[in-house]
Structures are given as structure tokens and as C-alpha cells.
Amino acid sequence: MFNLLNRGEIEQQNRKRLFEIIKQISEGVPTGWEQEILAVGGLMYVGFSEIHTEQLVCISSQGQSLINCATLEKQYVDELYDENDLIAYANGIESEMVHIAGEGGGGLRRYSKDGNILEQVAPIWPSQQIVFMPNFCSWHQSPKECRIVFDDFDIKAYGFNKAGNIFVIATSSDLTIYKKV
């Protein structure tokens, strides 16, 4: 059990150590990737198709859309989603039930098959950062190899598609799409 008298000192030392590591992580788009930002008012949920891996279902106060992350084409589709089961259906990928993530829960892939990892950190909450870690590295051990790809508030969901060549970060107002080049 922790000695409560030393707990505050231990917390301060650990916080200082973590800030020193985070300060070494540069911000921006990772090498070999490109970034696009789409405004989406009232974004609630997103989910990647498992079959058509470049297709992203996006559910917002504006309705439900299907976004081709490779071309950035956006097509409004019928609203067919279930917030309790966190699933959606969309015209264009009719035969597929898409798992969604957002304000009601769920989650997207945090790892790609080529070893890229996304992790959320919040050392100065409520500000939140997403750290991109390439090639199975860890921001704790190799901070200079990593990138902070998001630094803002109100993350609804983030993660990779099944192929690992696209990842998204969704907030209540924006959808940031990263594509491997």
C-alpha cells in the first residue's frame, strides 16, 4: 500500500517525468501520411466498413453519410443506426453491419497491422492529445519517433480502418482523416 504521506511527492515526480517525455514528441502529420479535415456539425458516431475499408459511416446532426476516405467524396444515406448496439447500415455497403464508435461508446482499432499505434493522453485535462506511434514503438520509450497528431478537446472516437492505411479522429465538429501516401 502507498504511504499517503509520500503519495503527493510521488505524484509530482511522476507528473514531471511524463511532461519531460511528452515535450520530446513533435506535433504534426507523421512521415508518409497526409491529413484532411472535414467540418461535420454535431458529429456523434463514426465507423469503418470492414469490407470496403476506405468507406467511413459518419452520423451527425446533419444526418448519416458515407465518406470515401480515399477520395473524400461524401454521400448522404438513409439514417439506419442503433445507438444501443452501436451498429449502422448504409446504402453503398448494404450487406454490411458497421460497428460505430462515438458519444455512446464503442471504439475503433488502435493498432494497424503494420505496427502503427494510436494512444490518447491528457496530461493537462481537459485538453486531449492523440499520439501516433510508428513501428510498434512507445511514446514512453521512443518519444522522438512519435507524433502528436491531435491536440484539442472533445474527442468522440479515433482509430484505424481494417487495412491500416487510414485513421480518423472525430470530434463534435470535425473529422480529421489521415491517409498513408
Side-chain angles (χ1 to χ4, degrees), residues 27-30 32-122 125-134 147-181:
E27 292 187 33
V29 179
W33 294 78
E34 63 184 21
Q35 174 196 62
E36 298 285 345
I37 299 174
L38 302 176
V40 181
L43 191 146
M44 299 180 297
Y45 294 98
V46 293
F48 280 109
S49 167
E50 295 286 305
I51 299 168
H52 307 282
T53 60
E54 72 286 347
Q55 298 290 336
L56 180 77
V57 172
C58 182
I59 301 161
S60 73
S61 61
Q62 300 170 0
Q64 183 171 324
S65 58
L66 187 62
I67 299 170
N68 182 324
C69 293
T71 64
L72 300 180
E73 284 181 47
K74 183 178 184 180
Q75 166 189 350
Y76 283 98
V77 295
D78 295 333
E79 281 195 31
L80 295 168
Y81 68 97
D82 184 331
E83 290 179 284
N84 293 320
D85 291 332
L86 297 172
I87 57 171
Y89 297 91
N91 309 32
I93 50 173
E94 286 87 0
S95 62
E96 184 179 4
M97 176 179 61
V98 176
H99 296 276
I100 56 175
E103 62 186 30
L108 303 176
R109 287 179 171 80
R110 305 291 162 86
Y111 297 85
S112 72
K113 61 184 177 183
D114 21 338
N116 297 315
I117 305 165
L118 297 172
E119 185 174 327
Q120 180 178 342
V121 297
W125 192 87
S127 178
Q128 302 164 304
Q129 293 78 36
I130 301 292
V131 180
F132 176 87
M133 299 173 283
R147 289 275 190 281
I148 294 175
V149 294
F150 178 87
D151 186 2
D152 208 343
F153 302 91
D154 197 28
I155 299 170
K156 297 288 185 190
Y158 66 97
F160 289 96
N161 67 347
K162 183 177 182 179
N165 62 337
I166 297 170
F167 70 91
V168 298
I169 302 169
T171 69
S172 60
S173 60
D174 294 312
L175 181 62
T176 305
I177 301 170
Y178 288 87
K179 300 182 284 186
K180 210 175 221 182
V181 290

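We number each residue from 1, following the sequence as shown. Remember, predicted model here, so these are calculated numbers, not experimental data.
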To check you understand the geometry: which heavy-atom pair defines the closest contact between Glu96 and Ile51, and what is its length? OE2-N, 3.4 Å
To the nearest 0.5 Å, how far apart are OH in Tyr45 and CD in Glu103? 5.0 Å
Whether the side chain of Gln64 engages the backbone of Leu80 through a donor-acceptor N/O pair (distance < 3.5 Å, no angle test) should be reported. yes
Strictly distance-based, threshold 3.5 Å: is any side-chain N or O of Ser49 a donor or acceptor partner for the main-chain N or O of Thr53? no
Ring centroid separation Tyr178 to Phe132 under 6.0 Å: no
For the CG atom of Asn116 and the CZ atom of Arg110, what is their distance to the nearest 0.5 Å? 15.0 Å
Side chains of Ile67 and Leu38, heavy atoms from C-beta outward: is any pair under 4.5 Å? yes
Just how far is it from atom CG of Asp78 to atom CG of Leu66, taken to the nearest 0.5 Å? 12.0 Å
Any side-chain donor paired with an acceptor under 3.5 Å for Ser172 and Asp154? yes
Quick check: does any side chain N or O of Asn91 sit under 3.5 Å from a backbone N or O of Val77, one acting as donor and the other as acceptor? no
Going by heavy atoms in the side chains, are Glu27 and Asp151 under 4.5 Å from each other? yes
Which heavy atom of Tyr76 sits nearest a heavy atom of Gln62, and at what distance? OH-OE1, 3.4 Å
Under a 4.5 Å cut-off applied to non-hydrogen side-chain atoms, are Thr176 and Phe167 in contact? no
Can we say Arg109 and Glu50 salt-bridge, meaning some charged N sits less than 4.0 Å from an Asp/Glu carboxylate O? yes
Within a strict 4.5 Å, meaning less than it, do heavy atoms of the Asp174 and Val40 side chains meet? no
If every non-hydrogen atom of Thr171 is compared with every non-hydrogen atom of Phe153, which pair is closest and at what distance? CG2-O, 3.8 Å
Rounded to the nearest 0.5 Å, what separation is found between the CD1 atom of Ile166 and the CD atom of Gln55? 9.0 Å
Ser173 vs Leu43 side-chain heavy atoms within contact, under 4.5 Å: no
With a 4.5 Å heavy-atom cut-off, do Lys180 and Asp114 have their side chains touching? yes
Of the non-hydrogen atoms in Ala90 and Val57, which two are nearest, and what is the gap between them? CB-CG2, 4.2 Å
With rounding to the nearest 0.5 angstrom, report the CD1 to OH distance, Ile130 to Tyr158. 4.5 Å
Please examine the side chains of Leu108 and Val168, heavy atoms only from C-beta on, and report whether any two atoms are closer than 4.5 Å. yes
Run the side-chain contact (heavy atoms from CB on, under 4.5 Å) test on Ile87 and His99 for me, step by step, so that the C-alpha distance in whole Å, both residues' side-chain angles and the decisive distance to 0.1 Å come before the verdict. CA-CA 5 Å; Ile87 57 171; His99 296 276; 4.1 Å; yes
Exceeds 12 heavy-atom contacts within 6.0 angstrom, atom NZ of Lys74: yes
Side chain proximity check, Glu119 to Tyr111, heavy atoms < 4.5 angstrom: no
Do Ser127 and Gln129 have a side chain donor and acceptor closer than 3.5 Å? yes
For the student: nearest non-hydrogen atoms of Ser60 and Gly41, plus distance: CB-O, 3.4 Å
How long is the span from the NZ atom in Lys179 to the CG atom in Leu72, to the nearest 0.5 Å? 4.5 Å
Counting N and O atoms only, with roles assigned by atom type, does the side chain of Gln128 sit under 3.5 Å from a partner on the main chain of Ile155, one being a donor and the other an acceptor? yes
Would Val131 and Leu118 satisfy side-chain contact (heavy atoms from CB on, under 4.5 Å), going step by step from the backbone distance to the final call? CA-CA 6 Å; Val131 180; Leu118 297 172; over 6 Å; no
Under 3.5 Å, is there a donor on one side chain and an acceptor on the other for Glu54 and Asn68? no
Provide the closest heavy-atom pair for Ile100 versus Asp82 in the form atom of the first, atom of the second, distance. CD1-O, 4.4 Å
